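Input: a single structure, listed below in structure tokens.
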Amino acid sequence: MTGENHALRILIADDSDSDRLILKTLMKRLGHQVRAAANGSEAVAIFADYQADIVLLDVLMPIMDGITAARKIKDMAGEEWVPVIFLTSLTDSSALARCLDAGGDDFLTKPYNKVIIQAKLGAFNRMRQMHQTLSQQRDLISERNRQLLEEQQLAKRVFDNIAHTGCLDADNIRSHVSPLSIFNGDILFACPRPAGGMHVLIGDFTGHGLPAAIGALPIAEIFYGMTSMGFSGSDVLREINDKSGRILPTGMFCCAAMIQADFQLNQLRIWNGGLPDGVLFRKGGGRDLVISRHLPLGVLNASRFDAAMDVFHTSAGDTLLMMTDGVLEAENEEAERFGEDRLKHALDVAPDAEAPIDTLLGAIRSFTGEQSGQDDLTLVSLEMVVASQFHEAAERLPQSALKGPAQWYCVYEVRDDTLAQFSPLPLLLHICMEVPGLRRKSADIYTLLSELYTNALEHGVLDLSSDLKTSPDGFSYYYSERERRLENVTGHFIRFALTHSTTLNGGQLTITCEDSGRGFDHGRQFAPESPVDSDSSEAKYSGRGLLLMQKLGHSLCYSEYGSRAEIVYDWALATKQPGVGHE
Amino acid sequence: MNDKPHLDEEALTELQDVMEDEFDVLIETYLKDSSDRIRHLRSAIDTSDADAFAKAAHSFKGSSVNIGAPRLGALCLKAEEAGKGNRLNEAVEVVDAIESEFQCVEQTLKRFIA
Amino acid sequence: MPIQTHRSDDRHTLTIRIEGRFDFSTHQAFRNAYEQKDPEVKEFIVDLSRTTYLDSSALGMLLLLRDYAGGDGARIELRNCNNDVRRILTISNFEQLFSIQ
């Protein structure tokens, strides 16, 4: 073995001249380098300069004995391991054991045996080398670890820029996000909606650390992207569930709650999938629980996922509190968990004027005895406010560098049996949504397009008369005829033309819809202003569409014997003044 | 004790082998040291220092054992035990035996290096 | 299921819940839901919490329901409307005909 043949640097100390001479010569014969001392004090002095690989010390020496010298030498070696072997002619085992207790690694008895000495030197050299390797590896690991932590710090900053933007700093929102681990798998997003109100998403990925944080990034993009385009909470949930299911490995999912707050309607719509029950505090006292009714995100596939949200009617001043399960799992020194009972109790005894989030944080901190900085909690509270208090969304939405098309014109025509198979409305709506100023109005635009298309298709192409819809049975007949005629449609078309231009303070969209039908007497189809006109038996269950269009847009006019309709829709840039409601 | 030889021939031969041309130096060192040690033993008795006596005996035991003089080593052990037991009255007799044994060893060793 | 119905414990109230889009395709199912011919039913609730969209044909269907339920004397509540649905109902002045929540 190479260990034994390697030339070592050896330090020996023995007060007997002859013994010292024997040992020194023996070591040299074995091929090693030797320095010799006559007592412990000399040995320590030599060790200060001489990088000995192994030290052999006589136990009983004048001035400083072997045991004291051994301690000093071990101290001086510090992190490095220097084997110390005691030389002794002691024979009783308890005395020998005491040598080892005192810090020695082994002993050699006199008379010196060349074979034994060689074997022990070899063994101790191997051990010394192994110790060195371990130290180096530990240093490497330590350095790698430091690098990893540094990388994680940087990644966290990127993550925060993506995941913690939006309107978490709005006046009516308060939140607490755990500072404990660099990524702890909790997410908290808030984004205003174009038409008013906001979405909040609070969640908790299984696992923690980098994998959980990475899973959160595409979800953040979906949440902010779709919310700022005006999609509903349910739509956003479906998309997030789908994405999570596809990108997360099986067994990894996200317990979450989606909150859609509508300040104008005074409504909260909430979806809770796997988080602890939320609490809705009513201003006058009283609490409702927001129960988890759904499976977490990323578990069910699209066809089985239920995005239905529970509706709560609220008043200004009502406050919703949602939390991840770090709250219930917070432990005190006796490893008891905070739990649902303590939560309920803390809320029961809270003083009236205290904000629920403060009550809960205070209660948890007294329970765990921990100061902030060590907890693993994520909480958010949202207060329902009067709509005008919540600033116009346009100011706060993340703006794209592109401003969107200002002046444009497009024509889209659907013909023959495509009329039965394909609705052009989603595409046309999408084109209009490229204009940022129209995104808040997606519902209005869709209604206009839809009513125009329905009229063109049913009255124009299919030649169905609204007169049919004057009775319940007539209604049924109308729609079954619609289906029948649609299956056989040939030689027809519907053509949309959209024109958009910007104006001084916003823009104008003109929609025309032309069909290949023989036209209709549109004069007769105008519905009266009041929905019930007892004099007219016609246009009773129909005609609502025209009324809607007139109210949403303006300058509705017909040409080409009624087979061409045109309507104009104006939109205005959001003003800084809060309280601008519907146009 | 009496069954131990004055000199362990095998051990000495091995020492010769290890020490090579320094064997003579070793023997001379040992013989000089040993005379000193015997003097220390005697003075320790004179000053009734049992601890010093035991330590000197221990040291002498070690070097004797290493040089291959087992009977001398055994006598030194006896002296060491007397010192540890604070029985210096027994010590005188043992030291006499040690000195006489040493003289025997010394003569044999000198023949080795002649 | 796009249409779900639920009777109250005292059998007097029929709740009809419409999921997704409320347009002409819902027509038959909606009609089947309320045409119970059951004299015990005195009140109707149309639950729109999961209704994403309402077009003019749906307005017509609501009017049909109102007629069926007694016209001016009908007790019908439209509940849990989202913003878009609410807007269409308001524009059409349906608050004059229905209790809307």
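Please read these numbers as outputs of a predicted model, since none were measured by experiment.
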Which atom names give the shortest non-hydrogen contact between [X] and [Y], and what distance separates them?
X      : Y      : value
C/H27  : A/S476 : NE2-OG, 3.0 Å
A/F475 : C/G60  : CZ-C, 4.1 Å
A/L265 : C/C81  : CD1-O, 3.6 Å

Derivation and outcome, side chain to side chain contact (heavy atoms under 4.5 Å, CB included), residues A/D235 and C/T52: CA-CA 10 Å; A/D235 289 334; C/T52 53; 5.6 Å; no

Residue, of A/E483, A/Q267, A/Q260, that accumulates the most heavy atom pairs under 4.5 Å with chain C: A/Q267

Could you grab the distance from atom [atom1] of [X] to atom [atom2] of [Y], nearest 0.5 Å is fine?
X      : Y      : atom1 : atom2 : answer
A/R482 : C/S57  : CZ    : OG    : 8.5 Å
A/M549 : C/S56  : CE    : OG    : 8.0 Å
A/S450 : C/R21  : OG    : CZ    : 6.5 Å
C/N82  : A/D262 : CG    : CG    : 8.5 Å

Worked verdict on C/N93 versus A/K551 for side chain to side chain contact (heavy atoms under 4.5 Å, CB included): CA-CA 11 Å; C/N93 295 315; A/K551 288 273 173 103; 3.7 Å; yes

Considering only heavy atoms, which portion of [X] lies under 4.5 Å from any heavy atom of chain A: side chain, backbone, both, or neither?
X     : answer
C/D23 : neither
C/I88 : both
C/Y68 : neither

By a 4.5 Å heavy-atom criterion (distance strictly below it), what part of [X] contacts chain C: side chain, backbone, both, or neither?
X      : value
A/Y446 : both
A/S232 : neither
A/N266 : neither

Donor-acceptor contact below 3.5 Å, side chain C/R87 vs main chain A/D444: no

C/D10 atom CG: more than 12 heavy-atom contacts under 6.0 Å: yes

Flag side-chain contact, heavy atom, 4.5 Å: A/V311 against C/R79: no

Closest-packed option against chain A by number of heavy-atom pairs under 4.5 Å, given C/R86, C/R50, C/Q28, C/R31: C/R31

